[in-house]
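Both backbone and side-chain heavy atoms feed into the values below; hydrogens, waters and symmetry mates do not. Just so you know, these numbers come straight off a predicted model, no measurement behind them.
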Amino acid sequence: MNSIYRICIFLILLCSLVATLLSCTKEIGESALPQSKRLYISAVSANFRQSGEIDTKTQTYGFFTTFESGDKIGVTGIKDGKILDVCNNVLFTYYNDTLINGNQYSQFHNERGYSFVERVDGAKYFAYYPYNADYNGKSLEWICENFKPLDDQHTKESFDKSDLMAPESPILPTGDKLLFEMKHKMATI
């Protein structure tokens, strides 16, 4: 009887230990990175022209543009003049708009559905549109200098791919956010 009692106690303790361990494991994904190490991605298109007559890359609201479904941006982090391995041309796709400090910002998700990049102390970040996988390891200056509009821009898709948008320079985070002010850098044909 004592051995059955001991086995039962052992099994109860083992089950309790397993249940405790399972309840303490981190969920893989967004919660695996501490909140203080997250920088959430948002972008706003800055004033770009004096009249509302000609549409550019996106839907127009007054003198501002907003991103549309399917628009993809690249986000890169730089520290001490070097591109960060953890944030090297990370692909983000537009998913909705939100108001931040009274301005309409576009929100983005990466390919895993996360809306943030890892914070690296002392790093600055830049975003650009349209995304190009060939820009891995490239600086904002290089992208702006080497961007080539498409020769044939007769479709909206080809016109959009010819409209480079980026901030003036890499930015520091604002709290837990990267608020990119996107400006049209390349005149389309």
Verdict with supporting geometry, Gln107 and Thr98, side-chain hydrogen bond (donor to acceptor under 3.5 Å, both in side chains) = CA-CA 7 Å; Gln107 305 293 303; Thr98 189; 5.2 Å; no
From CA spacing to verdict: ring-ring contact (aromatic ring centres under 6.0 Å, His included), Phe108, Phe67 = CA-CA 10 Å; Phe108 296 86; Phe67 290 94; 5.3 Å; yes
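For the side chain to side chain donor-acceptor pair (under 3.5 Å) test, residues two or more places apart in sequence or in another chain that qualify with Asn136 are Asn89. Take Ile83 and apply the side chain to side chain contact (heavy atoms under 4.5 Å, CB included) test, not counting sequence neighbours, and it matches Thr76, Ile78, Asn88.
Lys79 places a side-chain N or O within donor-acceptor distance of the main-chain N or O of Asp121, the cut-off being under 3.5 Å. Judged by distance alone, the side chain of Asp80 and the main-chain N or O of Lys82 form no donor-acceptor pair under 3.5 Å.
Using cut-offs of 30° and 60° on the angle between ring planes, the pair Tyr135 and Tyr128 is tilted.
Ser158 and Asp152 share no donor-acceptor pair across their side chains, judged by distance under 3.5 Å alone.
Taking OH of Tyr129 as the start and NZ of Lys161 as the end, the distance is 8.5 Å to the nearest 0.5 Å. One distance of note links CD1 of Ile41 with NZ of Lys177; it measures 11.5 Å at 0.5 Å rounding.
Centroid-to-centroid, the aromatic rings of Tyr105 and Phe180 stay 6.0 Å apart or farther.
Around atom CG of Asp85, no more than 12 heavy atoms belonging to other residues, nucleotides or ligands sit under 6.0 Å away.
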